[in-house]
Amino acid sequence: MRSGIDLDNFTGEPEHPRQECLQNGVSCNCVEHFGDSLEKFFDPRRHTPLPAPTEGSAVVMENTMEKLVSLCKRRGFMFQSSEIYGGLNGFWDYGPLGVELKRNVKEAWWRDMITMHDELAVPAGAPQTFSMVGIDTSLVMHPQVWKCSGHYDLFHDYMADCRETKKRYRFDHLKGRWASFRDKRVFITTDQSGDDGLAHVQQRGLDHFNLRKNQAEQITWGTGSHGGLPYALAGMTITQPYTPETPLEGLRPITDSDALASVLAPDAKEVGTLTEPREFNLMFKTTIGALAGDEGTAFLRPETAQGMFVNFKNVLDSSRVKFPFGIAQVGKSFRNEITPRNFTFRSREFEQMEMEFFCHPDESPQWYQYWRQRRYNWYLNLGIKSDKLILRDHTQEELAHYSVGTADIEYAFPFCEPGSYGELEGVAHRGDFDLRSHMEGKLRKGANGLEVELNADGVPKYRGSGKDLQYFNDQTRERFTPHVIEPAAGADRTTLAFLCEAYYEDQQPDEKGEMQTRVVLRLHPRLAPIKVAVFPLIKKQGMPEIAADIYRELKAAGIATAFDQQGAIGRRYRRQDEIGTPYCLTVDGDTLETQTVTIRDRDSLEQRRIKISDVVNEILALLRK
């Protein structure tokens with residue numbers, strides 16, 4: 001750094017005037033104010049005043065999800081699909097920065113699974129060496145695939161309609177609390193979660209009983225059966241007695257079918273307007289060719305996994321893979337969600353990062369444990385804090401009929417209730433269910449394990465391919481149906497989790513020395529959309545030309561680089577901090593004499609000088625850490 005100059009606060013040249021946009025009430029596209037008012041699909045409230053800073057430079061962050069959604073819109077991470085036509089719920093577009101971030105997330109996953117895999121060495125914790133290959137399968141598959149896999153019959157959620165408002169809800173998303181006032185008792189529901197859900201339920205209670213806010217204590221809150229109608233429909237009713245006078249500190253599912261008459265739907269004025277929940281298949285239908293009947297009906301894939309199962313034999317026969325081995329795939333999937341919600345967390349079009357690992361049945365428990373821990377560690381290594389990440393085993397009631405064991409890697413998203421988590425990835429021990437299904441036909445759980453489901457005529461309800469999908473070990477002369485371990489992650493959810501984890505606010509001095517709130521995305525350098533930004537301190541004395549040469553060298557080395565010479569240097573730093581750029585290079589007055597530039601670290605704010613000739617290697621070394 002040049003002696004006596006603080007680059008974070010150096011003004012250089014006058015900043016472009018802001019037109020006093022807020023005072024004059026005119027439209028403004030400045031960094032501070034663009035996107036201050038968002039479309040209904042983003043559903044955040046307007047910014048609230050920032051809270052007072054705590055000890056040190058960090059500030060207490062509130063409404064993190066709202067601020068993050070605003071940032072994503074304002075800086076071009078994500079947009080609502082078809083926004084100029086009012087948007088399409090459950091579909092999202094990734095902007096210039098968002099597409100780079102998501103691509104980096106997928107590349108980090110692919111690099112870990114495929115590119116960097118060493119099949120000659122035993123990874124830490126693995127039972128032995130193994131092979132890994134990739135594949136890219138089509139979005140539309142033969143309809144019989146989904147019949148044999150069980151998706152055609154079983155891939156559904158429960159939905160309920162409100163007869164009063166005509167709104168539709170995913171039933172397991174409706175939660176609430178029993179509220180009593182005088183001689184009335186009603187189960188008040190919401191489709192929101194976390195603190196917003198609690199506030200909504202409380203306000204609905206006041207409205208329903210025609211009370212003012214200062215009369216809120218007159219409502220008695222209670223709880224009932226914890227388990228709810230979705231479990232009862234599946235034949236697994238869990239009951240607990242009604243407990244009155246319970247603090248309004250959490251929401252519960254609807255207790256049982258008899259309670260529907262006492263349920264106040266989230267947007268209704270009358271009680272008992274919800275219909276009985278019913279099944280809703282989540283697969284999107286499409287038509288192949290000119291045939292409009294059943295013979296032309298197909299489906300957009302609801303998962304990428306089946307493409308790997310039906311290509312098991314192709315990969316085995318065409319590649320020199322050594323058993324055990326994994327097949328990995330990143331691709332789009334589609335699910336016709338009843339109520340998409342929580343930004344990109346639950347969408348109708350999304351990308352998955354899935355791997356199917358085929359192994360010997362006797363070794364599958366060890367591989368299941370290995371992949372659980374390895375996938376959990378991947379998130380930690382890329383910056384998710386351990387206190388926000390859990391590895392949760394499914395209970396016996398949660399397990400799919402084919403599952404030997406399943407664990408979810410879950411993250412404490414800001415929209416979750418305190419102490420609750422949202423699923424990032426599932427790691428499932430699927431046994432031999434998938435390969436057997438595509439050999440024999442649709443399977444169901446019988447008295448002696450999985451068996452082919454038969455129709456009324458005693459023949460398979462949905463016939464399999466009849467192809468031999470077993471593995472033959474030519475050394476041991478053993479033939480068996482491999483077991484499958486499946487780590488399945490969502491690229492969109494993972495990207496959202498990294499954004500939530502990275503969002504941070506602290507207090508830093510502006511160019512006048514006054515403390516201002518700085519918004520930072522503390523993304524891992526490998527995930528950051530832009531790795532380094534290059535600035536000339538001022539637009540003269542040859543600084544822009546030197547900065548441009550450095551910019552081109554970095555781009556030629558394959559490093560995502562930005563060039564910015566507009567505005568005060570401190571504001572340029574803030575713009576890069578806000579999008580997660582980990583490093584900034586500044587060409588200043590000393591550069592011509594010393595052939596060095598200042599490199600600034602986003603998180604520590606440390607500034608040091610490095611030689612221009614070392615810039616590319618220095619940045620590459622930092623990115624490898």
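Just so we're clear, the structure is a prediction, and the values are computed from it rather than from any experiment.
Side-chain contact check for R301 versus Q306: every heavy-atom pair is 4.5 Å or farther apart. Residues P302 and M283 form a side-chain contact, since some pair of their non-hydrogen atoms from C-beta on lies under 4.5 Å apart. Using a 4.5 Å cut-off on side-chain heavy atoms (C-beta onward), D196 and F415 make no contact. Inter-residue side-chain proximity for R624 and L620 is flagged as met; some heavy-atom pair is nearer than 4.5 Å. Contact of the V484 side chain with the F357 side chain is not registered, since no non-hydrogen atoms from C-beta on lie closer than 4.5 Å. Annotation: side chain of H438 is in contact with side chain of L469 (closest heavy-atom distance under 4.5 Å). V459 places none of its side-chain heavy atoms less than 4.5 Å from the side chain of L454. Side-chain contact check for N455 versus P460: every heavy-atom pair is 4.5 Å or farther apart.
Applying the side-chain hydrogen bond (donor to acceptor under 3.5 Å, both in side chains) test to K461 and every residue at least two apart in sequence or in another chain returns D153. Applying the side-chain hydrogen bond (donor to acceptor under 3.5 Å, both in side chains) criterion to D434, with sequence neighbours excluded, gives R430. Applying the side-chain hydrogen bond (donor to acceptor under 3.5 Å, both in side chains) criterion to R103, with sequence neighbours excluded, gives E100.
Taking the six-membered ring for Trp and the full ring otherwise, the centers of H483 and H360 sit at least 6.0 Å from each other. The aromatic ring centroids of Y411 and Y421 lie 6.0 Å or more from each other. A distance of 6.0 Å or more separates the ring centres of W92 and F79.
The pair E578-R602 does not count as a salt bridge, with every side-chain nitrogen at least 4.0 angstrom from each carboxylate oxygen. In this structure, E107 does not pair ionically with R111, as no charged nitrogen and carboxylate oxygen lie closer than 4.0 Å. With respect to the salt-bridge test (charged N to carboxylate O, under 4.0 angstrom), the residues E337 and R348 do not qualify. Note on K385 versus E501: salt bridge recorded, some NZ/NE/NH1/NH2 to OD/OE distance being below 4.0 Å. The pair K445-E451 does not count as a salt bridge, with every side-chain nitrogen at least 4.0 angstrom from each carboxylate oxygen. Under 4.0 Å is where a charged nitrogen must lie from a carboxylate oxygen, and between D577 and R522 no such pair does. Between R493 and E410, none of the side-chain N atoms (NZ, or NE/NH1/NH2) sits under 4.0 Å from a carboxylate O, so this pair counts as no salt bridge.
In this structure, the side chain of Y94 does not engage the main chain of G76 through any donor-acceptor pair within 3.5 Å. Side-chain N or O atoms of S364 include one that pairs as donor or acceptor with a backbone N or O of P361 at under 3.5 Å. No side-chain donor-acceptor contact under 3.5 Å links D432 to the backbone of R436. The main-chain N or O of V145 is found under 3.5 Å from a side-chain atom of S149 such that the two form a donor-acceptor pair. Distance alone, capped at 3.5 Å, is enough to place a donor-acceptor pair between the N104 side chain and the L527 backbone. Distance alone, capped at 3.5 Å, places no donor-acceptor pair between the N311 side chain and the N314 backbone. No donor-acceptor pair under 3.5 Å is formed between the side chain of Q576 and the backbone N or O of Y583. The closest donor-acceptor contact from the side chain of S465 to the backbone of K467 lies under 3.5 Å. A donor-acceptor pair under 3.5 Å links the side-chain atoms of T494 to the main chain of G490, judged by distance alone. Proximity of a side-chain donor or acceptor of R372 to a complementary backbone N or O of D408 within less than 3.5 Å is not detected.
Distance CD1/I390 to CD1/I409: 10.5 Å, rounded to 0.5 Å. In this structure, NZ on K388 lies 11.5 Å from SG on C416, to the nearest 0.5 angstrom. Going from atom CZ of F312 over to atom CD1 of I135 covers 12.0 Å, rounded to the nearest 0.5 Å. Rounded to the nearest 0.5 Å, atoms CG (L282) and CD (E303) are 12.0 Å apart. Put simply, CE on M355 and CD1 on I327 are 10.0 Å apart, with the number rounded to the nearest 0.5 Å. In this structure, CE in M132 is found 8.5 Å from CH2 in W110, a value given to the nearest 0.5 Å.
In summary, the side chains of D601 and S604 do present a donor paired with an acceptor at a separation below 3.5 Å, with no hydrogens or angles considered. Counting only N and O atoms by type, the side chains of T304 and E354 include a donor and acceptor under 3.5 Å apart. The closest side-chain donor-acceptor pair between S347 and T344, if any, does not fall under 3.5 angstrom. Looking at S333 and Q352, their side chains do bring a donor and an acceptor atom within 3.5 Å of each other.
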*For E349 and R335, run salt bridge (Lys or Arg N to Asp or Glu O under 4.0 Å): C-alpha distance rounded to whole Å, both residues' side-chain angles, the deciding distance at 0.1 Å, then the answer.*
CA-CA 7 Å; E349 177 185 344; R335 296 180 184 178; over 6 Å; no
_side chain to side chain contact (heavy atoms under 4.5 Å, CB included) evaluation trace for D393 with T406_ = CA-CA 6 Å; D393 288 300; T406 299; over 6 Å; no
*Give the intermediate values and the outcome of side chain to side chain contact (heavy atoms under 4.5 Å, CB included) for residues V140 and I288.*
CA-CA 9 Å; V140 178; I288 298 177; 4.1 Å; yes
*Please walk me through it: do L623 and E618 pass side chain to side chain contact (heavy atoms under 4.5 Å, CB included)?*
CA-CA 9 Å; L623 295 176; E618 179 75 17; over 6 Å; no
_Set out, in order, the CA-CA distance, both residues' side-chain angles and the distance that settles side chain to side chain contact (heavy atoms under 4.5 Å, CB included) for R170 and M159, then state yes or no._
CA-CA 4 Å; R170 180 168 156 175; M159 67 178 180; 5.9 Å; no
*Show your working on side chain to side chain donor-acceptor pair (under 3.5 Å) between E425 and Y376 and close with a plain yes or no.*
CA-CA 9 Å; E425 176 170 347; Y376 178 81; over 6 Å; no
*Candidate pair Y503 and F498, rule ring pair (Phe, Tyr, Trp, His ring centres under 6.0 Å), full reasoning*: CA-CA 9 Å; Y503 187 89; F498 283 126; over 10 Å; no
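Between F325 and F358, the angle of the ring planes lies from 30° to 60°, which puts this pair in the tilted group. Aromatic ring pairs are classed by plane angle as parallel below 30°, tilted from 30° to 60° and perpendicular above 60°; the pair F130 and Y370 is perpendicular. Ring orientation note: the planes of F284 and F91 are tilted relative to one another, at an angle of 30° to 60°.
L523 and A528 get closest at one heavy-atom pair: CD1-CA, 4.1 Å. For the residue pair Y368 and G405, the shortest heavy atom distance occurs at OH-C, 3.4 Å. Looking at every heavy atom in both residues, V321 comes nearest to V315 through CG2-O, 4.4 Å. A pairwise comparison of heavy atoms in L97 and R75 identifies CD1-O, 3.2 Å as the closest pair.
At least one test fails for R375 against the ring of W371: distance under 6.0 Å to the centre or angle within 45° of the axis. For K442 and Y462, the positive end is not near the middle of the six-membered ring at less than 6.0 Å and at most 45° from its axis.
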